[in-house]
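To start, the structure itself, in structure tokens.
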Amino acid sequence: MKRKFKFSQTDYTRSMLPQNRRQVFFDVLQLQWQKLLLLGLIMLLFYLPLLLSTVTKDVYMANLYASLEGSDPATLLQAGQTLAHLDLILGLVRILFLLVLAVVFSGALRVIRQYSWGENVHLGTELGKGLRSNYAHTAAIFFIAGIVYCLCLMVHYTAPSYATSLLSFLSLLPIGISLLVVLPILMIALVMIPVYQNTLFGTLKNAFFIYTRCLVRVLLAAVCCLLIWVPALIPNFYCHVLGSLFGILLTPVALLGWTLFCYNCFDAHLNPTVAPELIGKGTFPTE
């Protein structure tokens, strides 16, 4: 039986192509949502060690709290100190798990770059190329993030030991700086890795440059992209598990949006001097 092909009544014109990066986002989302979901599933496989560490911690804490019912204050204090030490040890172990996650993330950065530039993508091929070219710097950034997280844990657990509430509050400032400065800079640096051939220090320096030029916009965009992880932060076992699954599966979509936002910032403040050929790459403005 012969297949019948339907032909469009109108010719395909340049004006039908995405004119800006916001249109690129919705165009990729419409055409490649299945591959983005598949990429999320692949990410989930590499995220499992982190997820299992969270589940183990929740189960251990639930059993500990159940065993401490009716205990005296001294026992409760000692249990709290034990939990703090275990949390710090788990934070250090999670750095290794972050390096595992960096394997798939380094490939995903290249896949998202190709989609953002309107290039053809064969998922397996691009993941392999991204792993070879991006892993070293991606793993380094994940390692830095893991170290910063452990330092924030230490600050969090030592804050109550200060003599006054004011000192305790001031001691928490490094956590705020980490969230408002260090995290956005590392997120910008991740987008730069598959685009520019720089040393790690050069990448971080350029990321800081973009951060200072687009501070408010960067913070707002980072919050929007990280909203998918809010359910995982709710202090509940099922929220931790289901929220983490939801977050990791949607990470490719959030990464696409964050990448396109960063490209606009690069076009405005970085590409005119270092890579003018990248300005507007992936878009087809009519004027």
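Throughout, residue positions are numbered sequentially from 1 according to the sequence presented.
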From Leu200 atom CG to Ile141 atom CD1, the distance as rounded to the nearest 0.5 Å: 6.0 Å
Worked check of side-chain contact (heavy atoms from CB on, under 4.5 Å) between Leu226 and Leu183: CA-CA 11 Å; Leu226 293 174; Leu183 178 61; 3.9 Å; yes
Just by distance, do the side chain of [X] and the backbone of [Y] share a donor-acceptor pair under 3.5 Å?
{"X": "Arg21", "Y": "Lys281", "value": "yes"}
{"X": "Asn63", "Y": "Val59", "value": "yes"}
{"X": "Asn198", "Y": "Thr203", "value": "no"}
{"X": "Gln32", "Y": "Val28", "value": "no"}
{"X": "Trp258", "Y": "Ala221", "value": "no"}

Polar contact flag, side-chain donor to acceptor under 3.5 angstrom, Arg94-Thr54: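 Side-chain D/A pair, Arg94 to Thr54: present.
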Distance-only side-chain donor-acceptor flag, Asn271 / Tyr196, under 3.5 Å: yes
Whether over 12 other heavy atoms sit under 6.0 Å from [X] [atom1]:
{"X": "Asn120", "atom1": "CG", "result": "no"}
{"X": "Gln78", "atom1": "CD", "result": "no"}
{"X": "Glu277", "atom1": "CD", "result": "yes"}
{"X": "Phe209", "atom1": "CZ", "result": "yes"}
{"X": "Phe237", "atom1": "CZ", "result": "yes"}

Linked, directly or transitively: Leu44 and Leu37 (ILVMFWY side chains, under 4.5 Å): no
Joint hydrophobic cluster, Leu101 plus Leu45, side-chain heavy atoms closer than 4.5 Å: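 Result: yes, single cluster for both.
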Centroid-centroid distance, Tyr47 to Trp229, less than 6.0 Å: yes
Between [X] and [Y], what is the shortest heavy-atom contact and its length?
{"X": "Pro184", "Y": "Leu179", "result": "CD-O, 3.3 Å"}
{"X": "Gly91", "Y": "Tyr149", "result": "CA-CE2, 4.4 Å"}
{"X": "Cys265", "Y": "Arg217", "result": "SG-NH2, 4.2 Å"}

Leu250 and Leu36, any side-chain heavy atoms less than 4.5 Å apart: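 With C-beta onward as the side chain, the pair stays apart.
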Min side-chain heavy-atom separation Ile42-Leu127 under 4.5 Å: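 When only atoms from C-beta onward are counted, Leu127 and Ile42 do touch, with a gap below 4.5 Å.
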Trace of the side-chain contact (heavy atoms from CB on, under 4.5 Å) decision for Leu219 with Val216: CA-CA 5 Å; Leu219 291 178; Val216 176; 6.0 Å; no
By ring-ring contact (aromatic ring centres under 6.0 Å, His included) - contacts of Phe142 (at least two apart):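 Listed in chain order: Phe105.
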